[in-house]
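First up is the structure itself, then whatever we jot down about it.
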Amino acid sequence: MGKRKTKKFASMKRMISLKDQRINEKDRAKVQETKKKDPSEIKEKEVPKYPSCLFFQYNTQLGPPYHILVDTNFINFSIKAKLDIVQSMMDCLYAKCIPCITDCVMAEIEKLGMKYRVALRIAKDPRFERLPCTHKGTYADDCLVQRVTQHKCYILATVDRDLKRRVRKIPGVPIMYISNHRFNIERMPDDYGAPRF
């Protein structure tokens, strides 16, 4: 038997480096000049801007009548718990409440189909204030987080854990949720009269 040739594995084609002399002048990689840093130079640092309505974690823009941004699952869970949304909000905060619904949330409810037609009828209630959306797409969570970050006058009503986790990172935004067949609120300043449980 003759000698067998074994194939080499993981062999790659060799490439010429871009600094090679055989490559044209215009195609060669430019040698980057390293600039020495001056220790006496003033360092620029970008600090995130916080709205003037916040006094540490205390939001001065919150006050009656409360504007409450409502999420899709909040409407569905309040139907399951047999709670009237506007009345239960007023019972929770002891003040006038204006539930607000964005176009994204409305589109999300419409996409759910016939099973959630009761939720759609509740969302189209004239007591609900409709907020138009100017961004692309209909992902409601991003829309709500963006709106709450820009304008600190809203309370966010949701049951979604991920959305709650995202909003907790934003200072000065209270979260309304459902537990024990009633509406509760977290992160609300003490002097606004929200009940403590």
Side-chain angles (χ1 to χ4, degrees), residues 51 53-133 140-197:
C53 67
L54 285 181
F55 181 71
F56 297 112
Q57 297 288 315
Y58 182 86
N59 189 352
T60 55
Q61 278 190 350
L62 281 176
Y66 296 107
H67 292 271
I68 301 168
L69 275 176
V70 181
D71 192 20
T72 311
N73 53 27
F74 189 81
I75 296 172
N76 292 334
F77 274 84
S78 59
I79 292 167
K80 281 181 186 171
K82 294 180 180 167
L83 293 168
D84 177 33
I85 292 178
V86 180
Q87 189 59 47
S88 298
M89 283 177 180
M90 288 184 185
D91 291 345
C92 178
L93 291 170
Y94 306 129
K96 186 180 181 196
C97 298
I98 302 166
C100 304
I101 194 159
T102 62
D103 288 344
C104 293
V105 174
M106 201 64 139
E108 207 174 68
I109 295 170
E110 286 168 359
K111 280 181 193 172
L112 291 172
M114 285 300 286
K115 194 176 176 186
Y116 295 93
R117 63 182 175 272
V118 178
L120 187 62
R121 282 184 62 194
I122 288 172
K124 288 183 177 176
D125 191 327
R127 295 179 292 178
F128 278 63
E129 188 180 309
R130 187 78 180 266
L131 302 172
C133 292
D141 289 7
D142 288 343
C143 174
L144 293 171
V145 168
Q146 179 194 3
R147 204 172 278 269
V148 154
T149 309
Q150 285 175 347
H151 313 288
K152 299 287 186 198
C153 60
Y154 294 115
I155 296 170
L156 185 73
T158 186
V159 190
D160 187 10
R161 282 193 188 134
D162 294 331
L163 185 56
K164 275 196 216 172
R165 201 174 293 127
R166 280 173 71 181
V167 173
R168 281 187 192 118
K169 293 174 187 171
I170 307 165
V173 181
I175 301 168
M176 187 178 276
Y177 61 97
I178 301 169
S179 68
N180 299 330
H181 293 280
R182 59 181 300 168
F183 290 1
N184 290 333
I185 197 155
E186 65 179 54
R187 301 172 66 200
M188 191 76 167
D190 293 329
D191 68 334
Y192 288 135
R196 296 276 166 252
F197 296 107

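The analysis underlying the following values was restricted to heavy atoms, covering all of them including side chains, and did not include hydrogens, waters or symmetry mates.
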Considering only heavy atoms from C-beta outward, does the side chain of [X] approach that of [Y] to under 4.5 Å?
{"X": "Ile155", "Y": "Leu93", "answer": "yes"}
{"X": "Ile178", "Y": "Phe74", "answer": "yes"}
{"X": "Leu83", "Y": "Phe77", "answer": "no"}
{"X": "Tyr66", "Y": "Met188", "answer": "yes"}
{"X": "Ile101", "Y": "Ile75", "answer": "yes"}
{"X": "Ile85", "Y": "Asp125", "answer": "no"}
{"X": "Thr72", "Y": "Lys111", "answer": "no"}
{"X": "Lys96", "Y": "Pro64", "answer": "no"}

Straight-line distance of [X] [atom1] to [Y] [atom2], nearest 0.5 Å:
{"X": "Arg166", "Y": "Asp141", "atom1": "CZ", "atom2": "CG", "result": "6.0 Å"}
{"X": "Lys164", "Y": "Arg168", "atom1": "NZ", "atom2": "CZ", "result": "6.0 Å"}
{"X": "Met176", "Y": "Leu69", "atom1": "CE", "atom2": "CG", "result": "11.5 Å"}
{"X": "Asn76", "Y": "Ile122", "atom1": "CG", "atom2": "CD1", "result": "9.0 Å"}
{"X": "Gln146", "Y": "His151", "atom1": "CD", "atom2": "NE2", "result": "8.5 Å"}
{"X": "Phe183", "Y": "Gln87", "atom1": "CZ", "atom2": "CD", "result": "10.5 Å"}

Counting N and O atoms only, with roles assigned by atom type, does the side chain of [X] sit under 3.5 Å from a partner on the main chain of [Y], one being a donor and the other an acceptor?
{"X": "Asp71", "Y": "Thr158", "result": "no"}
{"X": "Asp103", "Y": "Cys133", "result": "yes"}
{"X": "Arg187", "Y": "Val173", "result": "yes"}
{"X": "Asn180", "Y": "Arg182", "result": "no"}

Item to check | Derivation and outcome, side-chain contact (heavy atoms from CB on, under 4.5 Å), residues Met89 and Val70 | outcome: CA-CA 11 Å; Met89 283 177 180; Val70 181; 3.9 Å; yes
Minimum heavy-atom distance between [X] and [Y], given as atom pair plus value:
{"X": "Leu131", "Y": "Cys100", "answer": "CD1-CB, 3.7 Å"}
{"X": "Asn59", "Y": "Cys53", "answer": "OD1-SG, 3.6 Å"}
{"X": "Asn184", "Y": "Ser179", "answer": "ND2-OG, 2.5 Å"}
{"X": "Gln61", "Y": "Cys153", "answer": "OE1-N, 3.6 Å"}
{"X": "Pro171", "Y": "Lys152", "answer": "O-NZ, 3.4 Å"}
{"X": "Val105", "Y": "Ala140", "answer": "CG2-CB, 3.9 Å"}

Item to check | For Arg147, salt bridge (charged side-chain N to carboxylate O under 4.0 Å, His left out) partners two or more places apart | outcome: none
Next on the checklist: The test is side-chain contact (heavy atoms from CB on, under 4.5 Å); show your working for Leu163 and Asn73 and say whether it passes.
Outcome noted: CA-CA 11 Å; Leu163 185 56; Asn73 53 27; over 6 Å; no
Checklist entry - Is it the case that more than 12 heavy atoms not belonging to His181 sit under 6.0 Å from its NE2 atom? => result no
